[in-house]
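See below for the structure under consideration.
So you know, we letter chains A, B, ... as the sequences are listed, proteins then strands, and number each from 1.
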2 protein chains.
Amino acid sequence: MTAAPRPTMADVAAAAGVSRALVSIVIRGAAGASESTRARVLDVARDLGYRPDTRARLLRSSRTRLLGVVFNVTEPFHAELVELLYVAGGARGYAVTLSATGPRRSEQKAMESLLDLGVEAAIVISPATPAARLAGTPVPVVAMLDAPGGPRAGVVSSVHTDEAAGIRLAIRHLRGLGHRHIAHLDGGEAVGSAARRLAYAQAMAAEGVPPLIFHGGPLESDGSRAARELLAAMGARAGTGHDTREGTAKGRAAGAPTAVVVFNDRSALGALDTFRTAGLDVPGGLSVVGYDNSRMARLEHINLTSIGQDGQALAEAAVAAAVDRIAGGPVREAVVSPWLEPGGTTAAPTPPGS
Amino acid sequence: MTAAPRPTMADVAAAAGVSRALVSIVIRGAAGASESTRARVLDVARDLGYRPDTRARLLRSSRTRLLGVVFNVTEPFHAELVELLYVAGGARGYAVTLSATGPRRSEQKAMESLLDLGVEAAIVISPATPAARLAGTPVPVVAMLDAPGGPRAGVVSSVHTDEAAGIRLAIRHLRGLGHRHIAHLDGGEAVGSAARRLAYAQAMAAEGVPPLIFHGGPLESDGSRAARELLAAMGARAGTGHDTREGTAKGRAAGAPTAVVVFNDRSALGALDTFRTAGLDVPGGLSVVGYDNSRMARLEHINLTSIGQDGQALAEAAVAAAVDRIAGGPVREAVVSPWLEPGGTTAAPTPPGS
DNA sequence: ACAAAAAACTAGATCGATCCACTAAACTGG
DNA sequence: CCAGTTTAGTGGATCGATCTAGTTTTTTGT
């Protein structure tokens with residue numbers, strides 16, 4: 001038994017007794033067909049099981065109504081965004097096609113495959129490619145989750161969370177609990193690290209408290225390493241500080257941090273582990289705030305206080321920015337507000353000596 | 001400044017002084033061109049920055065050399081497979097195009113978008129669609145990570161891990177440590193759950209120990225719930241009621257499990273959390289084995305003993321199966337062996353009363 | 001009631017490649 | 001040296017849709 005070949009527009013046209021062009025008009029929902037024939041053609045199409053052939057449409061039409069998304073398949077938050085981008089694109093009449101990057105597949109390669117497919121714009125999540133090259137792409141590019149106000153601003157559209165606001169939320173939350181000395185474990189060279197570090201420094205300056213920054217990174221192991229440095233520094237303050245009260249039983253020196261804001265959740269988990277292994281109670285002895293509100297942070301036994309990014313708002317803004325630029329609009333930057341997801345790793349500080 | 005339109009084969013042909021058909025032959029690497037012109041055409045193509053237009057190729061050629069992959073974007077292991085499928089496909093001269101499923105995007109829809117693009121075969125990871133419908137697809141379908149020997153066998157090709165072997169590895173590992181009573185928190189209605197449950201029951205039967213199964217599911221919350229039931233059952237067996245605060249080995253009745261094999265890692269993490277929150281030491285009071293060897297399981301502070309699936313072998317087998325069926329080969333089933341990744345959540349049982 | 005305008009519909013070119021049938025050139029072998 | 005075969009290269013149809021420029025029909029205004 002031979003598989004019946006898939007019906008084409010010509011088949012539908014013949015069956016409905018109209019021209020191919022009219023079928024095209026009806027299928028596209030374009031103007032130029034009466035309600036009655038529209039209904040009839042649609043009926044026939046359904047009966048025949050007609051589905052438009054994407055390849056042909058892509059080839060012929062100047063408006064492919066296709067958005068390309070470059071994402072890193074190993075990043076959980078990217079995955080979440082991809083799903084939301086499908087929805088946001090669909091709502092504006094755009095299909096979405098994916099191209100993954102990974103250890104064996106470069107961003108460049110992923111981009112090229114999208115261009116060969118005829119996307120009208122590309123959304124690149126956490127771009128690693130230099131802005132100059134991205135700007136050279138023959139279709140509009142939207143950078144998602146890139147560093148705010150970074151070198152890409154003004155060259156490619158950018159959609160990201162308000163990193164400074166996120167850090168401020170964390171610090172305000174901790175201040176509200178009574179913390180005064182708050183350290184930061186940064187993200188090292190990772191994308192977004194510089195912005196969060198700066199926001200931290202500014203927020204602390206605004207409070208008139210000296211910043212205390214430890215060099216970390218995006219991974220669990222980075223957070224763990226930075227946490228050890230923090231512990232060492234606390235020990236040093238407690239042990240050698242000039243105003244140490246003798247006996248320092250619970251021994252926390254004035255000026256030693258009672259809370260720490262970490263670059264991201266993965267890094268925060270590493271830090272958490274290190275603190276607890278060292279016998280430091282969290283949140284009793286030290287409060288910890290992460291960033292990303294990842295699924296892992298929300299696991300019951302981790303329950304990390306974290307800054308959440310609004311995936312849906314980000315996805316909608318990215319699609320909006322892409323569609324805008326396709327329509328000839330300007331390069332623009334969209335900033336989405338984060339929120340603070342309270343968890344069990346933050347609490348009021350225990351008064352020294354108690 | 002107007003963007004220069006992308007060069008086509010006609011442009012290359014004109015510049016090289018040959019016909020379009022010959023350029024096509026050279027670009028495809030087909031037979032019918034001399035070495036010298038081949039080199040010349042390739043040179044010209046490079047100079048012009050020519051890249052073949054995927055849309056046109058897809059439309060015209062009967063051999064699109066495109067594989068479609070349907071995956072669930074929220075599943076970490078799917079993500080890993082996607083990356084490996086790109087590589088495995090590329091090695092056999094196939095491009096790979098993705099279509100994600102998710103809470104708002106059905107498998108059906110994902111499939112259709114692939115078919116509209118002209119894929120030669122589709123690889124569906126963890127299919128939820130009934131076999132009958134998958135078999136009705138106009139291109140060959142390969143089901144990946146589906147239940148072994150399930151209803152799909154013989155209808156669509158299937159590539160999966162030897163689930164029974166995985167469970168046996170877990171149980172043998174635990175027996176080797178000295179465990180005798182081993183419980184199972186199953187995956188509920190999830191894909192693969194039935195196979196693992198059966199393998200567990202058979203392995204226990206072979207050891208002459210009664211099976212002890214708790215109804216769970218694929219998520220952290222499912223594992224947590226099942227774990228609570230297990231704790232309740234243990235409490236009942238020990239006859240001590242629900243005093244969880246001072247758990248551990250103290251009140252363990254003969255016949256109470258000293259180890260548990262959980263459906264997957266996510267579920268195992270939920271269970272781990274519940275056990276530890278209840279004051280039960282892992283692995284001191286209870287050993288836990290997960291399944292998937294996910295990245296989360298490998299985090300330093302989690303370090304879950306888990307059954308690992310060989311992603312690369314799975315990906316290569318899936319592509320091989322797809323290519324085979326495209327070439328007219330038979331439906332077939334490929335089974336890949338898992339391994340046990342030792343972690344810190346399994347240890348010898350503490351003798352009761354110690 | 002009739003010309004002008006709008007709406008409904010169609011023929012044929014076109015997108016950029018592949019594929020098929022064919023010709024021209026180069027290479028055999030007896 | 002010429003028929004026969006192989007290799008190199010070409011023109012034109014074709015994939016299935018969209019788009020442009022028309023033609024026919026209907027509606028509208030006066």
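- Between B:R28 and C:dC19 there is a side-chain polar atom (N or O) within less than 4.0 angstrom of OP1 or OP2.
- Each of A:I27 and B:A31 was matched to the nucleotide of DNA chain D holding its nearest heavy atom; the match closer to the 5' end belongs to B:A31.
- Put simply, B:T37 has no side-chain N or O that comes within less than 4.0 Å of OP1 or OP2 on D:dA8.
- Side-chain atoms of A:R20 and base atoms of C:dG12 include a donor and an acceptor less than 3.5 Å apart.
- Regarding A:L59, its CG atom lies at a distance of 12 Å from the P atom of D:dC19, rounded to whole Å.
- Here the P atom of nucleotide C:dC15 and the CZ atom of A:R63 are 19 Å apart, to the nearest Å.
- Distance from the side chain of A:R57 is smallest for D:dA17 among the nucleotides D:dA17, C:dG16, D:dG9.
- Between A:R105 and A:V73 there is no side-chain heavy-atom pair separated by less than 4.5 Å.
- Spacing between atom CZ of B:R65 and atom P of C:dT18 amounts to 13 Å, rounded to whole angstrom units.
- Of the candidate nucleotides C:dA17, C:dT18, D:dT18, C:dT18 has the atom nearest to the side chain of B:S24.
- Residue B:T8 has no polar side-chain atom (N or O) positioned under 4.0 Å from OP1 or OP2 of C:dC15.
- For the pair B:S19 and D:dG11, the criterion of a side-chain N or O lying under 4.0 Å from OP1 or OP2 is not met.
- In terms of position on DNA chain D, the residue among A:R51 and B:R40 whose nearest nucleotide sits closer to the 5' end is B:R40.
- Within the 4.0 angstrom heavy-atom criterion, only backbone atoms of the sugar-phosphate kind lie near B:V18; the bases stay farther away.
- Atom C1' of nucleotide C:dA26 and atom CD of B:E35 are separated by 16 Å, given to the nearest angstrom.
- Counting to the nearest Å, the C1' atom of D:dA17 and the CG atom of B:L58 are 14 Å from each other.
- Using a 4.0 Å cut-off, no side-chain N or O of B:S61 falls inside it from OP1 or OP2 of C:dT18.
- Taking the side chain as every heavy atom from C-beta outward, A:T8 and A:D53 never approach each other to under 4.5 Å.
- Salt-bridge formation is detected for the pair B:E83/A:R104: a Lys NZ or Arg NE/NH1/NH2 atom is positioned less than 4.0 Å from an Asp or Glu carboxylate oxygen.
- Atom CG in A:D11 sits about 13 Å away from atom C1' in D:dA17, given to the nearest Å.
- Distance B:I25 CD1 to C:dA17 C1': 13 Å, rounded to the nearest Å.
- Base engagement by A:A21 is indicated by at least one non-hydrogen atom pair under 4.0 Å involving a base atom.
- Between B:L134 and B:P127 the shortest side-chain heavy-atom distance falls below 4.5 Å.
- Atom-to-atom, CG of A:L22 to P of D:dT20 comes out at 17 Å; the value is rounded to the nearest Å.
- Within the 4.0 angstrom heavy-atom criterion, no nucleotide atom of any strand lies near B:R55.
- A donor-acceptor contact closer than 3.5 angstrom links the side chains of A:H160 and A:E333.
- A:T54 comes within 4.0 angstrom of nothing in the nucleic acid, heavy atoms only.
- For A:R133, the CZ atom counts as loosely surrounded, since its 6.0 Å shell holds 12 or fewer non-hydrogen atoms of other residues, nucleotides or ligands.
- When the side-chain nitrogen and oxygen atoms of B:R60 are compared with OP1 and OP2 of D:dA13, none of them lie within a distance under 4.0 Å.
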